[in-house]
Amino acid sequence: MKPIIDLVAGARPNFMKLAPVLRAVQERNELEPRIVHTGQHYDHRMNDVFFEELGIPKPHVHLDVGSGSHGAQTARILERYETHVLKMSPAASVVFGDVNSTVACALAAVKLGIPIVHVEAGLRSFDRTMPEEINRLLTDAMADLLLVSEPSGLANLHREGVEESKVKFVGNVMIDTLVHELPFARESSILEKLNLAGRKYALMTMHRPSNVDDPEILRRLLEVTAELAENMPVVFPAHPRTRKSIERLGLSKGFFGNSDFVSIEPVPYRDNLSLIENARLVFTDSGGIQEETTFLKVPCLTLRENTERPVTVQKGTSRLVGNEPERIRGAFEDVLAGRWPAGEDIELWDGHASDRIAKELAVWMGI
Ligand code: UD1
């Protein structure tokens, strides 16, 4: 009998990270992976489309937790995952990234003595107002095997005193998925559908509470983007959280529909990749998109004051521009004037991080 390991996912960015790890573990055929879906994200466009496109099988277990306040959501996941672990006793629990599902399942597992593997360990924004930063710190404090995606992760864990033997630099699994999916993304017809083929355009995504929950900040961001859209079309796949905020504040009429500022529903993975690869520039507050633009060498205006992925700024194509219109305008002009770094290749962002992970897992589990 092969040892059972749980691969835990809950929210959109987890699915892109789980898919290549699952494939790599299945190829080695030493472990029995079980997919546990917490149900943190449940909309068809935030969830099912990724399972379908990325070829992830139906989860073995669905915890169906849905939305809620941070405390309520985390507690619900913790309780339901604990019940599952008690029933199935996996040999290890693999958690990804920094969402509420990550920390909640790690906490349930650690209390039951189940070893935890954290994929994307060691990232730090040093901003404890971000829910993700709390999730990262706590998950790393509980993990037994910490798999790191970029050099800053090694330095952070070292500084925090994590035992060196628990930490492995394996590279970036998000880039594994990108490399795997790029040929399919190049067949996407999203550019034609949006009338963007052959045109210069900008892509915008935002969903961080710090950008979309405060009416004044959100209004300011939409205003400056609408202004820039007069020079270059801006396409904006809006996260449900952002869409709800826009509707609640009655902002949708003022900005969309009469210009080249186009808001659309969240897009599937391959369409999104096609939109990134062909964009003249990207505005985003997403962690994953900072990495994807760096890999594809597309200028990225990161709508944040800090990043837990500093390599994208130091060696990649991202610049932190916050949410002040002046800085955003200035950076936009810099891109158009060619005052932007071309970007370097990043160490171990090569499409094979998951192979290294599967190997580390086998060694760690003594197989
Ligand atoms: C979560 C992650 C964030 C990640 C993002 C990607 C945490 C703390 N945050 O943020 O790190 O970058 O996912 O999308 O885990 N909603 C729906 N349908 C869904 C899911 C959410 O309508 O399928 C709405 C609900 O109103 C919900 C809100 O979005 O309350 C926020 O969802 P939640 O999962 O709490 O956090 P995200 O903002 O999506």
Side-chain angles (χ1 to χ4, degrees), residues 8-18 37-52 54 59 62-78 80-81 95-107 118-121 123-125 127-139 149 173-174 177 204-214 217-218 236-249 263 265-269 272 282-293 300 302-304 306-309 312:
V8 176
R12 183 169 62 176
N14 286 163
F15 310 140
M16 288 78 117
K17 294 169 193 170
L18 180 147
H37 193 321
T38 66
Q40 179 175 343
H41 283 178
Y42 44 84
D43 277 4
H44 182 76
R45 286 192 167 88
M46 299 296 287
N47 178 54
D48 310 65
V49 286
F50 296 97
F51 276 74
E52 286 158 19
L54 302 177
H62 206 297
L63 305 179
D64 250 328
V65 299
S67 297
S69 68
H70 283 266
Q73 187 180 56
T74 306
R76 227 178 288 143
I77 301 169
L78 172 63
R80 293 187 192 178
Y81 186 57
V95 297
F96 297 84
D98 56 14
V99 301
N100 286 343
S101 301
T102 310
V103 70
C105 291
L107 187 50
H118 186 202
V119 177
E120 211 181 79
L123 297 183
R124 299 288 181 267
S125 66
D127 174 0
R128 291 200 183 199
T129 65
M130 283 179 80
E132 293 82 2
E133 182 71 353
I134 307 298
N135 295 344
R136 291 181 202 113
L137 284 160
L138 295 179
T139 305
S149 58
V173 291
M174 198 80 163
T177 293
M204 176 162 87
T205 81
M206 56 179 180
H207 67 278
R208 297 271 164 213
S210 56
N211 282 334
V212 308
D213 287 2
D214 178 319
I217 294 176
L218 180 59
F236 174 33
H239 185 285
R241 177 188 199 100
T242 313
R243 187 172 295 281
K244 281 176 193 166
S245 249
I246 291 175
E247 278 161 16
R248 195 173 55 239
L249 303 169
S263 161
E265 294 284 344
V267 284
Y269 183 81
N272 193 49
V282 175
F283 302 97
T284 194
D285 60 13
S286 147
I289 294 179
Q290 290 171 57
E291 298 180 334
E292 289 159 346
T293 47
C300 179
T302 298
L303 304 167
R304 292 176 48 187
N306 52 52
T307 179
E308 62 289 340
R309 293 160 160 90
T312 60

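Positions are given from 1, in the same order as the sequence printed here. Each ligand, and each atom within it, is numbered from 1 in the order the structure gives.
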- Query: Near H239, which atoms of ligand 1 are under 4.0 Å from a heavy atom of that residue?
  - Reply: 14 (O), 37 (P), 38 (O), 39 (O)
- H70 neighbourhood, listing ligand 1 atoms whose heavy-atom distance to it stays under 4.0 Å: 8 (C)
In the protein, which heavy atom is nearest to [atom], and how far is it?
atom	value
atom 8 (C) of ligand 1	N100 OD1, 3.3 Å
atom 6 (C) of ligand 1	P13 CD, 3.5 Å
atom 24 (C) of ligand 1	K244 NZ, 3.7 Å
atom 4 (C) of ligand 1	H207 NE2, 3.7 Å
atom 34 (O) of ligand 1	Q40 NE2, 3.0 Å
atom 38 (O) of ligand 1	R241 NH1, 3.1 Å
atom 27 (C) of ligand 1	S67 OG, 3.3 Å
atom 2 (C) of ligand 1	V99 CG1, 3.6 Å

- Task: Run the numbers on R12 and N14 for side chain to side chain donor-acceptor pair (under 3.5 Å), then give the verdict.
- Result: CA-CA 5 Å; R12 183 169 62 176; N14 286 163; over 6 Å; no
- Query: What is the ring orientation for F15 with H37, classed by angle as parallel under 30°, tilted 30 to 60°, or perpendicular over 60°?
  - Reply: tilted
Salt bridge check, [Y] against [X]: does any charged N sit closer than 4.0 Å to a carboxylate O?
X	Y	value
E120	R309	yes
R128	E132	no
R241	D213	yes

- Residues at least two apart in sequence or cross-chain that pass side-chain hydrogen bond (donor to acceptor under 3.5 Å, both in side chains) with E133, listed by chain then number, are S125, R136
- Close side-chain approach of I217 to S210, heavy-atom, < 4.5 Å: no
- For ligand 1, is any non-hydrogen atom under 4.0 Å from E132's backbone (N, CA, C, O), its side chain (CB onward), both, or neither? side chain
- Polar atom proximity, N135 to ligand 1 (N or O, under 3.5 Å): no
- Query: Should one rank Q73, H41, R12 by closest heavy-atom distance to atom 10 (O) of ligand 1, which comes out on top?
  - Reply: H41
- Query: Just checking, any donor-acceptor pair under 3.5 angstrom between side chains of S67 and Q73?
  - Reply: no
- Query: Cut-off 3.5 Å, side chains only: do D285 and N211 have a donor facing an acceptor?
  - Reply: yes
- Answer yes or no for R45: is there a heavy-atom contact with ligand 1 below 4.0 Å? no
